Amino acid sequence: MSRFNPQAVDRRWQKAWETAGTFAADTASDKPKSYVLEMFPYPSGRIHMGHVRNYTMGDVLARYKRMTGHEVLHPMGWDAFGMPAENAAMEKKVHPGDWTRANIAAMRDQLKSLGFALDWSRELATCEPDYYGQEQALFLDLYAAGLVYRKESAVNWDPVDMTVLANEQVIDGKGWRSGATVERRKLSQWFLKITDFADDLLAGLGELDQWPDKVRLMQENWIGKSRGLRFRFTLDQRINGQSNLQVFTTRPDTIFGASFVAVAADHPLAQKVAEKNADAQAFIAQCQAGGTSAADIESAEKLGFDTGITAAHPFQPEWELPVYIANFVLMDYGTGAVFGVPAHDQRDLDFARKYGLPVRRVVADGDETASDFEGDEAWSGEGALVNSRFLDGMDIEDAKAAVISRAEEEGWGEGTTEWRLRDWGVSRQRYWGTPIPIIHCEDCGPVGVPKDQLPVVLPEDVDFDTPGNPLDRHPSWKNVDCPQCGTAARRETDTLDTFVNSSWYFIRFASQPDDKPFDKAEAESWLPVGQYIGGVEHAILHLLYARFWTRALNRIGMLDVKEPFAGLFTQGMVTHETYQMGDGSWLSPDEVTREGDDWVHIEHGEPVKAGRVEKMSKSKKNVVDPDPIVDQYGADAVRWFMLSDSPPERDLPWSEAGIEGSWRFTQRLWRLIDGNEAGEGEDKDLDRKLHQTIEGIGEDIETLSFNKAVAKLYELTNAIEKAAASESRTVAVRTIVRLVAPMVPHLAEQAWEALGESGMVADAPWPNVDPSLLVEDEVTIAIQINGKLRDTLSAAKGTSKADLEALALGSDKIARQLDGNEPKKIIVVPDRLVNIVA
RNA sequence: GCGGACGUGGCGAAACCGGUAGACGCUGCAGACUUAAAAUCUGCUUCCCGUAAGGGAGUGCGGGUUCGAGUCCCGCCGUCCGCACCA
């Protein structure tokens, strides 16, 4: 009997698939189409285990779909623009393009070594002009359709490096390189009108029944449709010529609990106050220090500045509320101004306690109705309105409606729908991205680059010695003539957010003509993606942007598909134990070894502390590189491990013992197949097991429950091993090759060939279930007393309730337990259990 | 701060509609084969009491519904993810 030798076999079949064009997707095929897609990788340099897991899952599904008669599109490409390339350029003095392309080449080889069933003929990289040029064309189409506009928006400004920072480059309010306190600075930037589609994006979630509920809920909350009241406070003085201050609230019911009004630091009222008040100016400056991210802003200490202005309560003009400038009010949401109800909002309560403002209860917390609110925990739950005049006794919803209709009658406010979703800012002040195809002309304003001049190609001759955007200081690229009037003008130097690249790559995979972004009919023959697989970290932004982009293409008539991804699966991370020396420094898994129950350094034997199992990360050095693992154990063992044990949506802890186990299994499987001896006769138990497995695995793969499919294959393997030679056993061996083919394709091809089958197993049909072989005739019945298991017995399937009851009462163990007592009641669940209540 | 999820043996987990908790894998232990080792094979492996037969406890914690709860309800605790310029 031979051994399974992946070092010899893997490459052989990878070449065979490539030569035969096995996985090339044929648009003209009349088979049912299936589009399987995993989120394309950023070419960071090496494939990591997270990629291997992600792509293995998609691969199993793609191969299974092929075997069940589908024409499968399973492509791969590169999300190739982004900051790491520029960081590498600064640190290693390499051009971002060279760095990126070298990374792509290395990672492509790595992916190929894993034997994924990919259609490489459709490979694309977003950093190449043939991709981003088409993206520029789409941008211009959206611009023409009125879906693109410019407005002022805040960025993180590093005053020392004189550059814009990404949120992740702001650490505790400081720039990551310079250490300088970051400022919020306003720049004129490009926006896409995603809010035009807010209602539709929300409504569309309802039809995405193959998406995880949690993702739909997260998107729903992100879009954040809320019904509320927009109304005007009358101020005691005119500011900017206005004596009104417009606010928005989702809780108009709590209007009688108001104790202050607050505006954002960049609200016009705040700006006006600051003109004459140095303290206000200083406060605003303080609010604008630190990063722009919501997490930073909202978790900071609540601070306010009393402007001295007061606002009259709409129901009682002599009741005056102080107007504050506050650091937790966001200019981007609602009107940038709110009223604070400390008793029923935690932020407002913290603020009121800090500044000694009144705290009035207006919603009863059970029996608690007193106007004076005690304690430091706001009550945001349900309750009847109290201390609220005409609202008293109403529930929250009725009170909201009552206040809105009163405001509308009296003319000082109106019920509105507000969205948390904001328009998508796509401007990035960086080099390594899609150039925005706009030329700024003094006379004509922003003018789109004519389509026959696309692509606007990034200049190659740039340097990264100075921080900031090299496009900005590249005169020959930047200075051009206006396409409209011909006078001197300048190119837009901002590039597009990389989320734009990933908002349509799945369409380009389906159709990639040279002269346009995609062919409508061809793209529509594949779309929507049947199963999209990627990390949960993309649950909101990427997926929402792609859904928006698809709708935008819809509106301009380029595509009739509305939802890009019919099925979505979010997979868990690959984790590993962490190791630390006594001094706190991290060690990588290959620097440590086990001695008994303890870990020590592999070279000098010093003790090592094994820590928590965490996401693999460079900073904690708990990273395992797939390459040497594939070399040692072969692609199939790695793939098998990726599918085993952990449910795919949960984290998968990588372990040396685990990959060893997978390796042993591949060898065992090979021995089972290669060592099968012909026999006579049928083996009914094995037949049943086989067909139960065929049925179960099909379901498991379709629901991406790979860990369950793996467990069933172990059970079947165990059963075949134990079975004596027979015709049934030979059939089982021939069948299991096809059942494992999506998971361990190299081994399966080799076995298929060894068994003398014709063609490739990748093209073989998936085995059929014979329902007549699934029937069980004996079942085990549990016998409980008061819900506790006391005995089990075996009975023919379908035994009547009365017979089961008699059998149960006839058991010695039960008689002993009952000790002569009469059962009060007996519950019988046929084919399952008998529960005796004593 | 806001939003979302998750929690079952030493470990990863399974358990379909509320019906035998722990399938399957890993680890560990014992044994077989071997001159020896590796590989392989066999058995055991939730915890506690007990030589055993057997008994008791048990699905993060505290309550509840039910003949019966890992599963349903209420309240906690812990961990992880996202928060619009990381991708």
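Because the structure is a prediction, the values reported are computed rather than measured. Numbers restart at 1 for each chain; the letters A, B, ... are given by sequence-line order, proteins then strands.
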Review point. Between the side chains of D79(A) and S502(A), is a donor N or O closer than 3.5 angstrom to an acceptor N or O?
Key: no

Practice item. Could you measure between the two P atoms, the one in G18(B) and the one in A39(B), and give it in whole Å? Key: 46 Å

Exercise for review: Both distances under 3.5 Å, Watson-Crick or G-U wobble: report the partner of G1(B), or none.
Suggested key: C83(B)

Practice item. Could you tell me the separation between the CG atom of L543(A) and the P atom of G4(B), rounded to a whole number of Å? Key: 18 Å

Study note, to complete from the structure: In 5'-to-3' order, the base (B), backbone-only (S) or no-contact (-) status of each nucleotide in nucleotides 81-87 of chain B, using a 4.0 angstrom heavy-atom cut-off, is -SBBBSB

Check your understanding: When the P atoms of G10(B) and C49(B) are considered, how many whole Å apart are they?
Key -> 15 Å

Exercise for review: Name the pairing partner of C76(B), where a pair is Watson-Crick or G-U wobble with both distances under 3.5 Å, or state none.
Suggested key: G60(B)

Review point. Between U59(B) and G7(B), how far is it from one P atom to the other, in whole Å?
Key: 14 Å

Exercise for review: Write down the distance between CG (N786(A)) and P (A69(B)), rounded to a whole number of angstrom.
Suggested key: 11 Å

Check your understanding: What is the distance, rounded to the nearest whole Å, between atom CZ of F641(A) and atom P of G12(B)?
Key -> 12 Å

Review point. When the ring centroid of W504(A) is compared with that of Y131(A), is the distance short of 6.0 Å?
Key: yes

Revision key, fill the gap. Using Watson-Crick geometry (N1-N3 plus N6-O4 or O6-N4) or G-U wobble (N1-O2, O6-N3), each under 3.5 Å, C24(B) is paired with G12(B)

Review point. Considering every strand shown, what is the Watson-Crick or G-U wobble mate of U51(B) when both distances are under 3.5 Å?
Key: none

Point to revise | Whole angstrom value for the distance that separates P of C11(B) from CG of L652(A) | key: 17 Å

Review point. When the aromatic ring centroids of W640(A) and Y714(A) are compared, is their separation below 6.0 Å?
Key: yes

Check your understanding: For U35(B), which nucleotide in any strand shown is its Watson-Crick or wobble partner with both distances under 3.5 Å?
Key -> none

Review point. Between W663(A) and F641(A), does the ring centre distance come in under 6.0 Å?
Key: no

Check your understanding: So, Y132(A) versus F81(A), ring centres under 6.0 angstrom or not?
Key -> yes

Check your understanding: If we take the P atom in both G4(B) and A69(B), what is their distance in whole Å?
Key -> 30 Å

**Study point:** R650(A) side chain, from C-beta outward: closest of C41(B), A14(B), G3(B)
**Key:** A14(B)

Point to revise | Under 3.5 Å on both distances, the Watson-Crick or G-U partner of C29(B) | key: G43(B)

Practice item. Write down the distance separating the P atoms in A15(B) and U65(B), rounded off to the nearest Å. Key: 29 Å

Exercise for review: Determine the interatomic distance between C1' on G55(B) and the same-named atom on C74(B); round to the nearest Å.
Suggested key: 34 Å

Check your understanding: Which letter, B, S or -, goes with each nucleotide of nucleotides 19-30 of chain B from 5' to 3', with contact meaning a protein heavy atom under 4.0 Å?
Key -> BB--BSSSS---

Practice item. With syn defined as a glycosidic angle within 90° of 0 and anti as everything else, classify G75(B). Key: anti

Practice item. Spell out protein contact along nucleotides 53-61 of chain B as letters: B when the base is contacted, S when just the sugar-phosphate is, - when no protein heavy atom is under 4.0 Å; keep the 5' to 3' order. Key: --SSS----

Point to revise | Gap in Å between the two C1' atoms, one belonging to U46(B) and one to G12(B), rounded | key: 15 Å

Review point. Roughly how far apart, to the nearest Å, are A21(B) and C26(B) at atom P?
Key: 26 Å

Point to revise | Separation of atom CG in D651(A) from atom P in G7(B), rounded to whole Å | key: 12 Å

**Study point:** Cation-pi check, K302(A) onto F351(A) ring (under 6.0 Å, within 45° of axis)
**Key:** no

Check your understanding: Can D213(A) and R216(A) be counted as an ion pair, charged N to O under 4.0 angstrom?
Key -> yes

Study note, to complete from the structure: d(I836(A) CD1, K825(A) NZ) to nearest 0.5 Å is 13.5 Å

Exercise for review: Using a strict 4.0 Å threshold on nitrogen-to-oxygen distance, state whether K689(A) and E721(A) make a salt bridge.
Suggested key: no

**Study point:** Anti versus syn assignment for C17(B), with syn defined as within 90° of 0
**Key:** syn

Exercise for review: May I have the distance from I814(A) (atom CD1) to C67(B) (atom P), rounded to whole angstrom?
Suggested key: 20 Å

Exercise for review: Using whole Å, report how far CG of N327(A) lies from C1' of G1(B).
Suggested key: 11 Å

Review point. So, T434(A) and N501(A): side-chain donor and acceptor under 3.5 Å apart, yes or no?
Key: yes

Study note, to complete from the structure: Rounded to whole Å, the CD1-C1' distance (I659(A) to C11(B)) equals 17 Å

Review point. Take atom CD in E377(A); do more than 12 heavy atoms of anything else shown fall under 6.0 Å from it?
Key: no

Review point. Between the side chains of E492(A) and W190(A), is a donor N or O closer than 3.5 angstrom to an acceptor N or O?
Key: yes

Check your understanding: For residues S811(A) and D791(A), is any side-chain donor paired with an opposing acceptor at under 3.5 Å?
Key -> yes

Exercise for review: Give P647(A) one of three labels, base, sugar-phosphate or nothing, depending on what nucleic acid heavy atoms sit under 4.0 Å from its own.
Suggested key: sugar-phosphate

**Study point:** R353(A) atom CZ, over 12 foreign heavy atoms within 6.0 Å
**Key:** yes

